[in-house]
Amino acid sequence: MPELPEVNTFKRYFDESALHQKIARTTVFDDKIIRNMSGTAFEQLTQGRTFTGSYRRGKYLFARLDNGHDVLLHFGMTGDLNYYADEVDRSKYERFVFQFDNDFKLGFDCPRKFARILYLEDREAYIEEIKLGPDVLELSEEDFLVLTKKKKGSIKGFLLNQKYLAGMGNLYADEVCYQTKVHPASVVSAIPTKKRKAIYAKMQEVIRYAVDRNAYYKDYPEDWLWQWRDADAKAPDGSSVEIEKIGGRTTYSFPGWQKLYQ
DNA sequence: TGTGATGTTGAATG
DNA sequence: GCATTCAACATCAC
């Protein structure tokens with residue numbers, strides 16, 4: 001699920017449920033999901049604390065504690081949040097859970113365990129360490145044009161690289177390429193400036209649109225790519241879909257519709 | 001039953 | 001050192 005718009009929805013959910021509540025108890029069920037310490041250490045560091053705010057950058061959600069430290073929530077492929085009071089609402093895939101003073105719980109669910117949870121004393125140092133790029137919605141057109149000027153890899157691979165810009169994932173990257181009629185395998189630097197501007201604008205538009213709708217796909221326009229993302233898909237001009245690995249991910253494109261720059 | 005998945009990392013290569 | 005590629009990660013659903 002989680003690309004930038006989805007994680008933004010998680011942020012809203014987190015803010016509405018967990019903020020300003022004291023953590024009475026933290027329970028970790030899967031030690032490996034906490035990446036920089038043991039589950040026990042994580043429990044002890046978070047118990048008794050209160051969440052005071054949150055900050056999202058790309059797909060990374062940082063939950064600030066009242067001691068100035070952060071809990072980083074990265075949702076991987078299948079991460080999700082679940083705020084509940086009744087035990088019947090607990091997910092079988094809950095990997096750890098914060099229990100608050102009001103007896104409500106915020107569970108972190110993740111069937112496939114690709115999520116990454118870290119306890120961070122210094123958020124900025126961590127962002128620096130992993131070289132996380134600017135959030136898509138914070139990136140200026142000027143910076144985007146500079147970034148893309150000399151890159152020799154594919155535009156798809158570029159958009160997915162969180163070190164250049166944070167937040168694009170497999171589906172939205174395909175969507176932007178499709179809507180701008182650029183083949184995802186195009187060499188970044190070979191794409192004319194005018195077209196790179198169009199990619200920047202479409203990226204902002206698509207991500208903004210999705211964020212505004214809480215990443216609720218059913219509210220997206222019918223002519224967006226994802227809805228008919230399958231082997232029989234046809235572009236508006238009738239050309240057929242091509243499915244291949246680009247930038248390491250399964251990519252849907254229409255060679256007859258999207259121009260390949262190289 | 002085998003395959004692929006809305007993501008990231010770290011090793012390998014150029 | 002930088003850019004890029006790709007297997008590995010763990011598990012479930014179709």
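Rounding to whole angstrom units, CD of residue A:Glu244 and P of C:dC6 are separated by 12 Å. With rounding to whole Å, A:Leu160 atom CG is found 13 Å from C:dT5 atom C1'. Protein atom NZ of A:Lys150 is 13 Å distant from nucleotide atom P of C:dT4, rounded to whole Å. Going from atom CG of A:Asn170 over to atom P of B:dG4 covers 14 Å, rounded to whole Å. Distance, A:Lys113 NZ to C:dC9 C1': 12 Å, rounded to whole Å. Atom CG in A:Asp30 sits roughly 11 Å away from atom P in C:dC12 (whole-Å rounding). Between A:Leu159 atom CG and B:dT8 atom P there is a gap of 13 Å when expressed in whole angstrom units. One can place OH of A:Tyr164 at 15 Å from P of B:dT8, the figure rounded to the nearest angstrom.
Distances from the side chain of A:Lys245 to the nucleotides C:dT4, B:dT8, B:dA5 place B:dA5 closest. Closest to the A:Glu3 side chain, of the nucleotides B:dG7, C:dT4, C:dC12, is B:dG7. Out of C:dT4, C:dA10, B:dG7, the shortest distance to the side chain of A:Met77 is found at B:dG7. Relative to the side chain of A:Lys151, the nucleotides C:dC12, C:dA3, B:dG7 differ in distance, and C:dA3 lies closest. You'll find that the side chain of A:Arg249 is closest to B:dG7, out of C:dA13, B:dG7, B:dA5. Checked against C:dA3, C:dC12, B:dT8, the side chain of A:Arg112 finds its nearest nucleotide in C:dC12. When distances run from any side-chain atom of A:Lys163 to the nucleotides C:dC9, B:dA5, B:dT9, the shortest one goes to B:dT9. Nearest nucleotide to the side chain of A:His74, out of C:dA10, B:dA5, B:dT8: B:dT8.
Among the atoms of the strands shown, none is found under 4.0 Å from any heavy atom of A:Ser154. Using a 4.0 Å heavy-atom distance criterion, A:Gly248 is classed as making no nucleic acid contact. Using a 4.0 Å heavy-atom distance criterion, A:Arg116 is classed as a sugar-phosphate-only contact. Using a 4.0 Å heavy-atom cutoff across all strands shown, A:Phe158 reaches no nucleic acid atom at all.
In this structure, the ring of A:Phe29 has its center no less than 6.0 angstrom from the ring center of A:Phe96. If you look at A:Tyr119 and A:His69, their ring centroids are closer than 6.0 Å. Ring-centre distance between A:Tyr252 and A:Phe254: not below the 6.0 Å cut-off.
B:dG4 is paired with C:dC12 under the Watson-Crick or G-U wobble criterion, all donor-acceptor distances under 3.5 Å.
On the P atoms, C:dA10 is 16 Å away from B:dA11, given to the nearest whole Å. Comparing the C1' positions of B:dG4 and C:dA7 gives an interatomic distance of 15 Å, to the nearest angstrom.
Counting non-hydrogen atoms of neighbouring residues, nucleotides and ligands closer than 6.0 angstrom, the CD atom of A:Glu128 reaches no more than 12 such neighbours. For CD of A:Glu87, the number of neighbouring non-hydrogen atoms (other residues, nucleotides, ligands) closer than 6.0 Å is greater than 12.
Taking 4.0 angstrom as the limit, A:Thr78 places none of its side-chain polar atoms (N or O) nearer than this to OP1 or OP2 of C:dC12. An OP1 or OP2 oxygen of C:dT4 is reached within less than 4.0 angstrom by no side-chain nitrogen or oxygen of A:Lys152. Dashed line: the shortest gap from a side-chain N or O of A:Tyr93 to OP1 or OP2 of C:dA13 is under 4.0 Å. In this model, the phosphate group of B:dT8 is approached by a side-chain N or O of A:Gln162 to a distance below 4.0 Å at OP1 or OP2.
In this structure, A:Tyr164 and A:Phe158 have parallel ring planes: the angle between them is below the 30° cut-off, well short of the 60° mark.
Salt bridge status for A:Lys113 with A:Asp30: present, with a side-chain N to carboxylate O gap under 4.0 Å.
Closest-nucleotide positions on DNA chain C for A:Lys131 and A:Gly247 were compared, and the one nearer the 5' end corresponds to A:Lys131.
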